[in-house]
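First listed ligand is number 1; within each ligand, the first listed atom is number 1. Excluded from the calculations below are hydrogen atoms, water molecules and symmetry mates; all remaining heavy atoms, backbone and side chain alike, are included. Numbering of residues begins at 1 and proceeds along the displayed sequence.
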Amino acid sequence: MKKLIVLSLIAMTSSMAVQAEDLSKYQAETQAVVMPFLKQLGAANQQAIANGGHESAVGVCKEIAPQLAGDVSRQTGWKVSRVSLKVRNPMLGTPDAWEQKALQDFEARLAKGEKADGFVVSEIVEEPAGKFYRFMKAIPLQQGCVACHGTSEQISDGMKAKLKTEYPNDKATGYSVGQIRGAVSVKRPL
Ligand code: HEC
């Protein structure tokens with residue numbers, strides 16, 4: 001009897017160890033895809049602002065970001081998206097239950113004074129549809145974002161008008177630098 005318990009304990013801990021190993025492997029692979037994606041986005045945003053001001057940078061968040069996310073999804077077979085608790089585009093950015101909880105956890109950590117730059121969550125989940133690796137990384141708001149996601153005083157009248165016509169249900173304003181605009185989310189079938 002005792003032996004059985006010990007044996008099953010060993011089996012349990014070794015399967016946990018395998019999971020932990022898998023998890024760090026999946027996380028490393030996923031980060032290797034997500035980091036260049038975020039870098040590319042940042043660079044495209046800065047270039048658009050340098051070339052034609054904020055009005056033309058709308059294209060980066062509106063077209064380039066979803067397109068890049070789509071490209072990465074096709075190349076990897078993973079679902080890569082940008083999600084937020086306060087979305088501008090509810091069609092693309094609405095979080096599912098897992099993402100919503102992760103975003104709320106990020107908010108709670110931020111409220112305790114942690115910096116959002118390094119917020120990451122990584123987990124293997126079982127769903128009726130199968131087993132998935134899930135990953136999320138917070139996207140903190142930067143100075144270059146306030147012209148479109150900042151306070152009313154920071155957004156020009158032209159931009160306000162544009163946002164109002166294109167996104168009548170926009171929730172994605174009123175942010176200040178360092179707050180969490182959203183997150184990159186990866187859902188990877190295992
Ligand atoms: C020139 C305006 C503009 C700038 C600057 C801008 N965004 Fe956006 N952002 C938008 C628009 C428009 C959308 C909606 C895109 C769509 O239709 O899918 C959006 C959507 C997003 C989303 C997806 C979730 C949602 O709310 O729909 C995230 C995340 C985001 N922006 C983060 C940022 C960050 C971080 C920065 C700064 C590095 C930034 N944005 C700069 C206009 C902008």
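- With a heavy-atom cut-off of 4.0 Å, L92 touches ligand 1 through its side chain alone.
- Proximity of C148 to ligand 1 is established by a heavy-atom distance of less than 4.0 Å.
- Not close to ligand 1: L141, with no non-hydrogen atom less than 4.0 angstrom away.
- Less than 4.0 angstrom separates some heavy atom of N45 from each of these atoms of ligand 1: 37 (C), 38 (C), 41 (C).
- Residue nearest to atom 26 (O) of ligand 1, selected from R88, Q143, M159: R88 (by heavy-atom distance).
- Residue contacts with ligand 1: A147 is excluded, as none of its non-hydrogen atoms falls under 4.0 Å.
- None of the N, O or S atoms belonging to C145 lies under 2.8 Å away from atom 8 (Fe) of ligand 1.
- Residue-level proximity to ligand 1 for V83 is absent, since no heavy atom of it falls below 4.0 angstrom.
- When distances to atom 8 (Fe) of ligand 1 are checked against a cut-off of 2.8 Å, H149 contributes an N, O or S atom below that limit.
- Looking only at atom types and distance, the side chain of Q154 has a donor-acceptor partner in the side chain of T151 under 3.5 Å away.
- In this structure, M136 and V186 have side chains that are not in contact, with every pair of non-hydrogen atoms separated by 4.5 Å or more.
- Judged by distance alone, the side chains of R82 and S185 never bring a donor and an acceptor atom under 3.5 Å apart.
- Checking S152 against K160 by side-chain atom types alone, a donor-acceptor pair falls below 3.5 Å.
- Those atoms of ligand 1 that come under 4.0 Å of a heavy atom in Y167, given as number and element, are 12 (C), 14 (C), 15 (C), 16 (C), 17 (O).
- Considering only non-hydrogen atoms, atom 23 (C) of ligand 1 lies nearest to R82 out of K62, R82, Q46, K86.
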Test side chain to side chain contact (heavy atoms under 4.5 Å, CB included) on S81 and K187; report intermediate values, then the result.
CA-CA 9 Å; S81 53; K187 184 173 181 182; over 6 Å; no
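- Inspection of the R188 and T30 side chains reveals an N or O donor paired with an N or O acceptor under 3.5 Å.
- Using cut-offs of 30° and 60° on the angle between ring planes, the pair Y175 and H149 is perpendicular.
- Atom CD of E123 is surrounded by more than 12 heavy atoms from other residues, nucleotides or ligands within 6.0 Å.
- Looking at P95, G144, A172, S84 and measuring to atom 5 (C) of ligand 1, the nearest heavy atom belongs to G144.
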